[in-house]
*Asks:* 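Handing you this structure, nothing more for now.
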Amino acid sequence: MALKIAYCTPSLYLAGGVERVLTTKVNYLADVLGHDVTVVLTDGAGKEPFYPLSPRVKVVQLDIGFERMWNRPLWHRAWIYIWGMRQFRRALRQCLLQMKADIVVSTMRREINFLNSIPDGSRKIGELHVTRSHYRNFEANENNRLKQWLSKIWTRQLVAKVKRLDALVVLTPHELTQWPELTNVHCIPNPLPFRLATDAELSQRSSHSDGGAVMCVGRYSYQKGIDLLIEAWSRIAPKHAGWRLDIYGSGDREPYRSQAVSLGLLPDDGSYDGTSLRLQPAAADIRSQYLCHDIYALSSRFEGFGMVIIEAQACALPVVAMDCPTGPRELVADGENGLLVPDGDVDSFAGALDRLITDDALRRQMSSAAHSAVSRFDVKNVMQQWQQLFDAI
C-alpha cells in the first residue's frame with residue numbers, strides 16, 4: 001500500500017552527505033516503491049538540488065532562512081534563530097496538518113525540538129546521521145568546557161524528545177549500543193547512491209606501478225581531518241613521483257592551501273602545476289572520479305557512518321582509514337579490503353598509504369575484496385529495511 005511520507009531537512013542544494021543520502025532514498029521511495037513523498041525544507045529557496053531529484057518527489061519550501069546565521073555575530077545569530085524557530089514551528093505545523101502524512105521523518109535538525117507536539121496523526125521517525133557524542137557539537141576545540149557542558153545539556157534534551165518518537169534510526173551497530181535509554185532505536189545503514197562499478201568499467205583502470213592517484217571526498221572542515229591527510233601526504237609524496245592526491249569537497253579551501261604551501265606541496269602562489277596535490281571543489285558526478293583513482297583515504301576525526309567508504313568500495317577502491325568513531329571499523333576489514341590505522345595517528349596513516357602505493361599486488365587484491373563486500377549496501381537492500389520499519393511502526 002502506498003504511503004504518504006514527509007521528510008524534514010534544512011536544504012538539498014548543498015553537496016553534503018545528508019543531501020546525497022536523502023535524495024537517494026526519496027527517489028527510490030517514489031520511483032520504485034510508489035510512495036507519495038514530500039521533502040520539507042527551511043533553506044535554499046530558489047536553489048536547485050545538488051543531486052538529481054525525481055520529478056515524482058514534491059518539495060515544500062518554507063523559506064525560513066536559518067542559513068542567514070552563517071558567519072554572523074553571536075547576538076545576530078541568536079536573533080535569527082529565535083525569530084526563525086517561531087516561524088518554523090508555525091509553518092511546519094500548518095504544513096503537516098494540511099498534508100496528513102502517514103509518516104514524517106526528521107533528519108534530527110531543528111524540527112526535533114517540537115515535531116512530537118504536532119497533532120497531524122503521523123508516525124514520526126528520526127534518522128541520525130552523526131554519532132550521539134557529536135550531536136549538536138562544535139567541530140573544533142575539543143577540550144572546550146563550555147562546548148562540553150552545552151553538549152551534555154543538549155543530549156539530555158535530545159533523549160527526552162527521541163523517546164517520544166515512534167522510531168529512531170542510527171547508522172551503525174556500534175551507534176545502536178550508544179542509546180541505552182531507548183527501546184525504539186533501530187540500525188539501518190545508508191544506501192549506495194549509485195550502482196556498483198561493472199567489470200568493463202574496472203578494466204579501464206590500469207595498474208599504476210609507476211604512478212597513480214589517491215582521493216578523498218569531504219567538506220574542508222575540522223571533522224574531515226583534511227589537515228591530517230595533507231600532513232601525511234607531505235611525508236610520502238617525495239617517495240612516489242607520478243602519484244598525486246586529489247581532495248574533493250565544499251567549504252573554504254584556503255587554510256588547507258596555506259598548509260600545503262608551508263609543507264612544500266604547493267608553491268607560494270598556490271598553483272598546481274607540477275605538484276602532487278589538488279584541492280578540488282565538490283564534484284556532482286563523483287562516481288566518475290572514483291573510477292579514475294586507485295586508493296581512497298579517509299582521515300576524518302569522526303563520522304556518523306562514512307558514506308564515502310562504501311562509495312569508494314563500490315568502485316573497487318581499497319580504503320585507508322583512520323579508525324575514528326564511527327563507521328570505518330564496521331565498513332573496512334583491516335588487511336582484507338583496506339587498512340585501518342589508529343585514530344589520529346598521522347605516522348601510521350602515511351605508512352598505510354605508502355604500503356598500498358608501493359605494493360601493486362596488495363592494492364589489486366584489496367580492490368577486488370572491496371568491490372565484493374559492498375553489495376549489502378545496495379539501495380534495494382537498504383530500502384527494504386526502511387519499508388519493513390514503516391510497516392512495523
*Asks:* Applying salt bridge (Lys or Arg N to Asp or Glu O under 4.0 Å), run through Arg364 and Asp359 and close with a yes or a no.
*Replies:* CA-CA 9 Å; Arg364 289 198 305 270; Asp359 193 335; over 6 Å; no
*Asks:* For His371 and Ala197, indicate whether the former's side chain and the latter's backbone hold a donor-acceptor pair under 3.5 Å.
*Replies:*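 Confirmed, His371 side chain pairs with Ala197 backbone.
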*Asks:* Side-chain contact, heavy-atom cut-off 4.5 Å: Thr275 with Pro267?
*Replies:*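 They are in contact (side-chain heavy atoms under 4.5 Å apart), so the answer is yes.
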*Asks:* Enumerate the residue pairs fulfilling salt bridge (charged side-chain N to carboxylate O under 4.0 Å, His left out) with a member in residues 241-254, sequence neighbours excluded, ordered by first and then second residue.
*Replies:*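 Residue pairs with at least one partner in residues 241-254: Arg244-Asp246, Glu254-Arg257.
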*Asks:* Which pairs pass salt bridge (charged side-chain N to carboxylate O under 4.0 Å, His left out) with one or both residues in residues 173-193, sequence neighbours excluded?
*Replies:*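 Passing the test, one end in residues 173-193: Arg132-Glu181.
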*Asks:* If hydrophobic clusters are built from ILVMFWY residues whose side chains come within less than 4.5 Å, do Leu317 and Ile286 share one?
*Replies:*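 Per the 4.5 Å side-chain linkage, Leu317 and Ile286 are co-clustered.
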*Asks:* Let's go through Arg287 and Glu311 carefully: what are the C-alpha distance in whole Å and the side-chain angles of both, what is the deciding distance for salt bridge (Lys or Arg N to Asp or Glu O under 4.0 Å) to 0.1 Å, and is it a yes or a no?
*Replies:* CA-CA 8 Å; Arg287 183 178 183 274; Glu311 291 179 359; over 6 Å; no
*Asks:* Tell me whether Met85 is reachable from Leu92 by hopping between hydrophobic residues (I, L, V, M, F, W, Y) whose side-chain heavy atoms are closer than 4.5 Å.
*Replies:*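 Per the 4.5 Å side-chain linkage, Leu92 and Met85 are co-clustered.
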*Asks:* Considering non-hydrogen atoms only, spot the tightest contact between Cys95 and Val40 and give its length.
*Replies:*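 Scanning both residues completely, I find the closest heavy atoms to be SG-CG2, 4.2 Å.
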*Asks:* Step through the shown structure and confirm whether more than 12 heavy atoms of other residues, nucleotides or ligands are within 6.0 Å of CG on Asp268.
*Replies:*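 Open: at most 12 neighbouring heavy atoms sit under 6.0 Å from CG of Asp268.
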*Asks:* Given the rule in the side chain to side chain contact (heavy atoms under 4.5 Å, CB included) test, do Ser250 and Leu14 qualify, once you have shown the distances and angles that lead to the verdict?
*Replies:* CA-CA 8 Å; Ser250 58; Leu14 297 172; over 6 Å; no
*Asks:* What are the two closest non-hydrogen atoms of Pro173 and Glu330, and how far apart are they?
*Replies:*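 Where Pro173 meets Glu330 most closely, the heavy atoms are CD-CG, 3.8 Å.
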*Asks:* Nearest 0.5 Å please: distance from the CG atom of Leu229 over to the CE atom of Met322.
*Replies:*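 So the CG of Leu229 and the CE of Met322 are separated by 8.5 Å.
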*Asks:* State the OG-CG distance between Ser234 and Leu266, to the nearest 0.5 angstrom.
*Replies:*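 The distance works out to 11.5 Å.
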*Asks:* Using the side chain to side chain contact (heavy atoms under 4.5 Å, CB included) definition, which of the options Asn190, Leu12, Leu53 pairs with Leu22?
*Replies:*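 Only one option passes, and that is Leu12.
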*Asks:* Kindly give the heavy-atom pair with the smallest separation between Leu115 and Ser106, and that separation in Å.
*Replies:*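 Smallest heavy-atom distance, with atoms named: CD2-CB, 3.8 Å.
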*Asks:* Can a donor-acceptor pair be found, under 3.5 Å and without considering hydrogens, that links the side chain of Asp166 to the backbone of Arg123?
*Replies:*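 Side chain of Asp166 to backbone of Arg123, a donor-acceptor pair under 3.5 Å: no, none is there.
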*Asks:* Quick one: closest heavy-atom pair of Ser262 and Gln259, and the distance?
*Replies:*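 In this case the closest contact between Ser262 and Gln259 is OG-O, 2.6 Å.
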*Asks:* Give a yes or no on whether the backbone of Glu201 and the side-chain of Thr198 come within a donor-acceptor separation of less than 3.5 Å.
*Replies:*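 Such a contact is found between Thr198 side chain and Glu201 backbone.
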*Asks:* Atom OG in Ser348, atom CZ in Arg355: separation rounded to 0.5 Å?
*Replies:*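 Atom-to-atom, Ser348:OG and Arg355:CZ are 12.0 Å apart.
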*Asks:* Are the side chains of Asn184 and Leu165 in touch, meaning some heavy atoms are under 4.5 Å apart?
*Replies:*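 Heavy-atom side-chain distance check passes, below 4.5 Å.
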*Asks:* Please determine whether residues Leu291 and Met307 belong to a single hydrophobic cluster, defined as Ile, Leu, Val, Met, Phe, Trp and Tyr linked transitively by side-chain heavy-atom distances below 4.5 Å.
*Replies:*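 No, it is not one cluster - the side chains of Leu291 and Met307 are not joined through contacts under 4.5 Å.
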*Asks:* Do any N or O atoms from the side chain of Tyr220 and from the backbone of Ile247 form a donor-acceptor pair under 3.5 angstrom?
*Replies:*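 Judged by distance alone, yes, a pair lies under 3.5 Å.
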*Asks:* Would you mind reporting whether Thr107 and Pro10 have side-chain heavy atoms less than 4.5 Å apart?
*Replies:*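 Sidechains of Thr107 and Pro10: in contact.
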*Asks:* For residues Val332 and Arg329, determine if any side-chain heavy atom of one lies less than 4.5 Å from a side-chain heavy atom of the other.
*Replies:*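 Counting from C-beta outward, Val332 and Arg329 never come under 4.5 Å.
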*Asks:* Do you see a donor-acceptor pair shorter than 3.5 Å between the side chains of His186 and Glu127?
*Replies:*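 Result is no, nothing qualifies.
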*Asks:* From Ile236 CD1 over to Ile357 CD1, what is the distance, rounded to the nearest 0.5 angstrom?
*Replies:*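 Rounded to the nearest 0.5 Å, the CD1-CD1 separation comes to 4.0 Å.
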*Asks:* How about Ser276 and Trp233: does a side-chain donor come under 3.5 Å of a side-chain acceptor?
*Replies:*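 Looking only at side-chain atoms, Trp233 and Ser276 do form a donor-acceptor pair, the distance falling under 3.5 Å.
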*Asks:* Under 3.5 Å, is there a donor-acceptor pair linking the side chains of Asp378 and Ser375?
*Replies:*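 Note: Asp378 and Ser375 side chains miss the donor-acceptor criterion.
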*Asks:* Not counting sequence neighbours, list each pair that qualifies as a salt bridge (charged side-chain N to carboxylate O under 4.0 Å, His left out) and has a residue in residues 53-81.
*Replies:*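 Output for this query lists Asp31-Arg56, Asp36-Lys58.
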*Asks:* Determine yes or no for a side-chain-to-main-chain donor-acceptor pair under 3.5 angstrom, with Ser368 supplying the side chain and Gln365 the backbone.
*Replies:*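 Absent.
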*Asks:* If you count every heavy atom of other residues, nucleotides or ligands that lies below 6.0 Å from Lys100 atom NZ, does the total exceed 12?
*Replies:*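 It does: Lys100 NZ has more than 12 such atoms within range.
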*Asks:* As an exercise, state the distance from CG of Leu202 to CG of Leu196, rounded to the nearest 0.5 Å.
*Replies:*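 Spacing of CG (Leu202) from CG (Leu196) equals 9.0 Å.
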*Asks:* With side chain to side chain contact (heavy atoms under 4.5 Å, CB included) as the test, pick out the partner of Pro189 among Leu171, Leu331, Val382.
*Replies:*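 Running side chain to side chain contact (heavy atoms under 4.5 Å, CB included) over Leu171, Leu331, Val382 with Pro189 returns exactly one hit, Val382.
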*Asks:* Give the ring-plane orientation class for Phe390 versus Trp386, where under 30° counts as parallel, over 60° as perpendicular and anything between as tilted.
*Replies:*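 The arrangement is tilted - the two ring planes meet at 30° to 60°.
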*Asks:* Is there a donor in the side chain of Lys25 and an acceptor in the side chain of Thr23, or the other way round, less than 3.5 Å apart?
*Replies:*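 No - no donor-acceptor pair under 3.5 Å links their side chains.
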*Asks:* Taking the side chain from Ser122 and the backbone from Ala101, do they hold a donor-acceptor pair closer than 3.5 Å?
*Replies:*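 Checking the backbone N and O of Ala101 against the side chain of Ser122, no donor-acceptor pair under 3.5 Å is found.
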*Asks:* Are the side chain of Asn27 and the backbone of Pro52 linked by a donor-acceptor contact shorter than 3.5 Å?
*Replies:*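 Flag set: sc Asn27 to bb Pro52 pair under 3.5 Å.
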*Asks:* Dump the intermediate steps for side-chain hydrogen bond (donor to acceptor under 3.5 Å, both in side chains) on Glu303 and His129, then the final yes or no.
*Replies:* CA-CA 9 Å; Glu303 286 286 346; His129 291 264; over 6 Å; no
*Asks:* Assess the side chains of Gln94 and Arg90: does a donor N or O sit below 3.5 Å from an acceptor N or O?
*Replies:*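 Arg90 and Gln94 do not have a side-chain donor-acceptor pair below 3.5 Å.
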*Asks:* Find the distance between CG (Leu158) and CD1 (Ile112) and round it off to the nearest 0.5 Å.
*Replies:*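 These two atoms lie 7.0 Å from each other.
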*Asks:* Between Val39 and Val60, is any pair of side-chain heavy atoms under 4.5 Å apart?
*Replies:*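 No, every pair of side-chain atoms sits at 4.5 Å or beyond.
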*Asks:* Do we see a donor-acceptor contact under 3.5 Å between the side chains of Gln385 and Asn381?
*Replies:*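 Short answer, no.
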*Asks:* Ile295, Val374: one ILVMFWY side-chain cluster at the under-4.5 Å cut-off?
*Replies:*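 No, it is not one cluster - the side chains of Ile295 and Val374 are not joined through contacts under 4.5 Å.
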*Asks:* Can you check whether Ala316's main-chain N or O pairs, donor with acceptor, with Ser367's side chain at less than 3.5 Å?
*Replies:*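 Pair found, side chain donor or acceptor close to backbone of Ala316.
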*Asks:* Does the plane of the ring in Phe88 sit parallel, tilted or perpendicular to the ring in Phe114? Use 30° and 60° as the thresholds.
*Replies:*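 Rings of Phe88 and Phe114: perpendicular, as their planes differ by over 60°.
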*Asks:* Would Arg110 pass as a cation-pi partner of Phe66, given that its NZ or CZ must be under 6.0 Å from the six-membered ring centre and within 45 degrees of the axis?
*Replies:*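 Output yes; distance and angle both within limits.
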*Asks:* Whether the side chain of Asp294 engages the backbone of Ala213 through a donor-acceptor N/O pair (distance < 3.5 Å, no angle test) should be reported.
*Replies:*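 It does hold such a pair.
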*Asks:* Do you know the tightest heavy-atom contact between His293 and Gln289?
*Replies:*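 So the minimum-distance heavy-atom pair works out to ND1-O, 2.5 Å.
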*Asks:* Walk me through it: do Asp354 and Lys239 pass the test salt bridge (Lys or Arg N to Asp or Glu O under 4.0 Å)?
*Replies:* CA-CA 9 Å; Asp354 181 57; Lys239 298 171 56 179; 3.1 Å; yes
*Asks:* Checking Ser271 against Asp273: is there a side-chain donor and acceptor pair closer than 3.5 Å?
*Replies:*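 No pair is found: no donor N or O on one side chain lies under 3.5 Å from an acceptor on the other.
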*Asks:* Answer with yes or no whether the side chains of Glu19 and Tyr51 bring together a donor and an acceptor at under 3.5 Å.
*Replies:*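 No, Glu19 and Tyr51 have no side-chain donor paired with an acceptor closer than 3.5 Å.
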*Asks:* Examine distances only and state if a side-chain atom of Lys4 and a backbone atom of Met99 form a donor-acceptor pair shorter than 3.5 Å.
*Replies:*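 A pair under 3.5 Å: yes.
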*Asks:* Hey, quick one: are Val341 and Leu298 part of the same hydrophobic cluster, counting side-chain heavy atoms closer than 4.5 Å, chains of contacts allowed?
*Replies:*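 The answer is no; the residues belong to distinct hydrophobic clusters.
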*Asks:* Which heavy atom in Tyr13 sits nearest to a heavy atom in Phe50, and how many Å separate them?
*Replies:*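 Tyr13 and Phe50 have their closest heavy atoms at O-CB, 3.4 Å.
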